Participant: 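Right, I'll just put the structure down here and ask away after.
To find a chain, count down the sequence lines: A is the first, B the second, and so on, and within it residues start at 1. Predicted model only: the values in this text are computed from it and were never measured.
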2 protein chains.
Amino acid sequence: MPNYQASLDRVFWALGDPTRFAIVEQLARQPASVSDLARPFNLSLPTFMQHLGVLEECGLVTSEKTGRVRMCSLNKNKLEEVDAWISAQKRLWTTRFDALDKLLENDK
Amino acid sequence: MPNYQASLDRVFWALGDPTRFAIVEQLARQPASVSDLARPFNLSLPTFMQHLGVLEECGLVTSEKTGRVRMCSLNKNKLEEVDAWISAQKRLWTTRFDALDKLLENDK
DNA sequence: TTAATACTTAGCTATTGACCTAAGTATTAA
DNA sequence: TTAATACTTAGGTCAATAGCTAAGTATTAA
């Protein structure tokens with residue numbers, strides 16, 4: 001099973017669906033089996049599995065099957081990657097304002 | 001102009017498109033007019049504007065028209081919101097492991 | 001006051017994505 | 001060894017999205 005290096009926008013895309021967003025919020029609390037995860041959602045199992053597939057493909061979730069049960073977990077590393085990107089954008093934005101401030105300072 | 005309180009998954013969804021992702025990365029560096037922003041993209045202007053519309057609707061971008069030029073800026077607050085959500089999920093995840101560690105500690 | 005610029009609107013097309021049902025496979029419980 | 005459980009595969013529908021062109025409007029430059 002190769003670890004497809006998903007690009008960040010794919011991760012964002014995955015989180016952009018309300019169902020998948022909720023799945024991630026649930027998995028942040030604790031790992032869970034597919035059916036336990038699926039129970040609160042009013043979706044057919046194949047549909048639900050598709051969402052899990054998307055989350056797994058983009059690296060946000062990992063899963064392992066033992067016997068007939070598949071356990072899913074959140075991959076914290078992917079969250080860190082997202083976090084890092086956001087921080088970088090915030091930093092760029094802030095840096096710009098700092099530079100502007102300095103410029104105005106010099107003008108005095 | 002009402003400020004549509006966009007839910008977070010809509011923000012993720014907006015960032016999930018490569019074009020919009022790139023627009024945000026650009027706007028983090030500096031505000032820009034629509035045509036300046038659009039130039040590097042191989043898209044028709046209407047298509048490009050549609051992407052800007054999505055970013056604006058979800059609150060990631062603001063814009064203001066003066067004369068015939070519309071200037072776009074990043075809304076840092078939205079980035080903060082995203083950041084806060086990610087941090088919360090990471091915290092939940094970590095808390096769980098801390099609890100597990102404590103449990104194992106007690107078992108010794 | 002004409003022409004160019006910078007969007008904007010309208011309307012169409014193709015693809016993707018979210019959903020479903022039905023039927024299958026592999027494990028485990030009875 | 002039969003039945004139930006927990007997915008999994010196959011295949012189909014429909015709406016939403018990303019893309020386009022053509023034809024506007026409003027501002028500014030010439």
Side-chain angles (χ1 to χ4, degrees), chain A residues 1-2 4 6-27 30-74, chain B residues 1-2 4 6-27 30-74:
Chain A
M1 252 177 267
Y4 297 105
S7 53
L8 209 49
D9 52 11
R10 196 65 186 170
V11 177
F12 281 119
W13 180 78
L15 287 170
D17 176 86
T19 299
R20 291 191 294 260
F21 186 85
I23 292 175
V24 168
E25 284 190 318
Q26 189 51 48
L27 285 179
Q30 77 228 227
S33 73
V34 171
S35 2
D36 281 354
L37 269 180
R39 193 157 303 116
F41 296 91
N42 204 14
L43 291 174
S44 71
L45 204 56
T47 296
F48 188 78
M49 293 286 303
Q50 210 171 2
H51 284 302
L52 281 177
V54 168
L55 289 171
E56 209 164 341
E57 246 177 61
C58 79
L60 271 172
V61 164
T62 57
S63 78
E64 202 174 340
K65 197 166 179 178
T66 9
R68 60 188 171 178
V69 176
R70 177 175 293 278
M71 287 297 287
C72 306
S73 309
L74 190 65
Chain B
M1 250 178 271
Y4 296 105
S7 53
L8 209 48
D9 53 11
R10 196 66 187 169
V11 177
F12 281 120
W13 180 77
L15 287 170
D17 176 88
T19 298
R20 292 192 293 259
F21 186 85
I23 293 175
V24 168
E25 284 191 318
Q26 189 51 47
L27 285 179
Q30 77 229 226
S33 72
V34 171
S35 2
D36 282 353
L37 268 181
R39 193 158 302 116
F41 296 91
N42 205 15
L43 291 174
S44 71
L45 204 56
T47 297
F48 187 78
M49 293 287 302
Q50 210 172 0
H51 284 303
L52 281 177
V54 168
L55 288 171
E56 210 164 341
E57 245 177 61
C58 79
L60 271 172
V61 165
T62 56
S63 78
E64 202 174 340
K65 197 166 179 178
T66 11
R68 61 187 171 178
V69 176
R70 177 175 294 279
M71 287 295 289
C72 307
S73 308
L74 190 64

Participant: Apply side-chain hydrogen bond (donor to acceptor under 3.5 Å, both in side chains) to A:Gln30 and list each qualifying residue two or more places apart in sequence or on a separate chain.
Facilitator: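 Checked A:Gln30 against side-chain hydrogen bond (donor to acceptor under 3.5 Å, both in side chains); zero matches.
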
Participant: For a stem of at least 3 consecutive Watson-Crick or G-U pairs with distances under 3.5 Å, i pairing with j, i+1 with j-1 and so on, which stems involve DNA chain D?
Facilitator: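 If one scans DNA chain D for consecutive Watson-Crick or G-U pairs, the stems found are C:1-30 with D:1-30.
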
Participant: Could you check how far CG of A:Leu37 sits from P of D:dA6, rounded to whole Å?
Facilitator: 13 Å

Participant: Pairs in or reaching into residues 11-24 of chain B: which pass side-chain hydrogen bond (donor to acceptor under 3.5 Å, both in side chains), with residues at least two apart or in two chains?
Facilitator: B:Arg20-B:His51

Participant: Distances under 3.5 Å between protein N/O atoms and the N/O atoms of nucleotides 15-23 of chain D, please, pair by pair.
Facilitator:
unit_1	atom_1	unit_2	atom_2	d
D:dA18	OP1	B:Arg20	NH1	3.0
D:dA18	OP1	B:Arg20	NH2	2.9
D:dG19	OP2	B:His51	NE2	2.3
D:dC20	OP2	B:Ser44	N	2.9
D:dC20	OP2	B:Ser44	OG	3.0
D:dC20	OP2	B:Thr47	OG1	2.8

Participant: If you look only at pairs with a residue in residues 37-53 of chain A, which of them pass as a salt bridge (charged side-chain N to carboxylate O under 4.0 Å, His left out), with sequence neighbours excluded?
Facilitator: A:Asp36-A:Arg39

Participant: To the closest 0.5 Å, what do you measure between CD1 (A:Ile23) and CZ (A:Phe41)?
Facilitator: 5.0 Å

Participant: Listed by chain and number, what are the side-chain hydrogen bond (donor to acceptor under 3.5 Å, both in side chains) partners of B:Ser63, not counting sequence neighbours?
Facilitator: B:Glu56, B:Arg70

Participant: Check each residue of residues 61-70 of chain A for a non-hydrogen atom within less than 4.0 Å of any atom in DNA chain C, then write out the ones that pass by number, or none.
Facilitator: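 Heavy-atom contacts with DNA chain C come from A:Gly67, A:Arg68.
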
Participant: Run the side-chain hydrogen bond (donor to acceptor under 3.5 Å, both in side chains) test against B:Thr47 and tell me which residues pass, sequence neighbours left out.
Facilitator: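 Scan of B:Thr47 (side-chain hydrogen bond (donor to acceptor under 3.5 Å, both in side chains), adjacent residues dropped) gives B:Ser44.
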
Participant: Enter the distance from B:Leu60:CG to B:Phe12:CZ here, rounded to the nearest 0.5 Å.
Facilitator: 10.0 Å

Participant: Salt bridge (charged side-chain N to carboxylate O under 4.0 Å, His left out): which pairs involve residues 44-53 of chain A, sequence neighbours left out?
Facilitator: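 Sorted pair list comes back empty.
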
Participant: Could you work out, with side-chain contact (heavy atoms from CB on, under 4.5 Å) as the rule, every residue matching A:Arg68, not counting sequence neighbours?
Facilitator: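 A:Arg68 satisfies side-chain contact (heavy atoms from CB on, under 4.5 Å) with no other residue.
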
Participant: Looking at every non-hydrogen atom in both residues, tell me the closest pair between B:Ala32 and B:Leu27 and how far apart they are.
Facilitator: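 Shortest heavy-atom separation between B:Ala32 and B:Leu27 comes out as N-CD2, 3.9 Å.
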
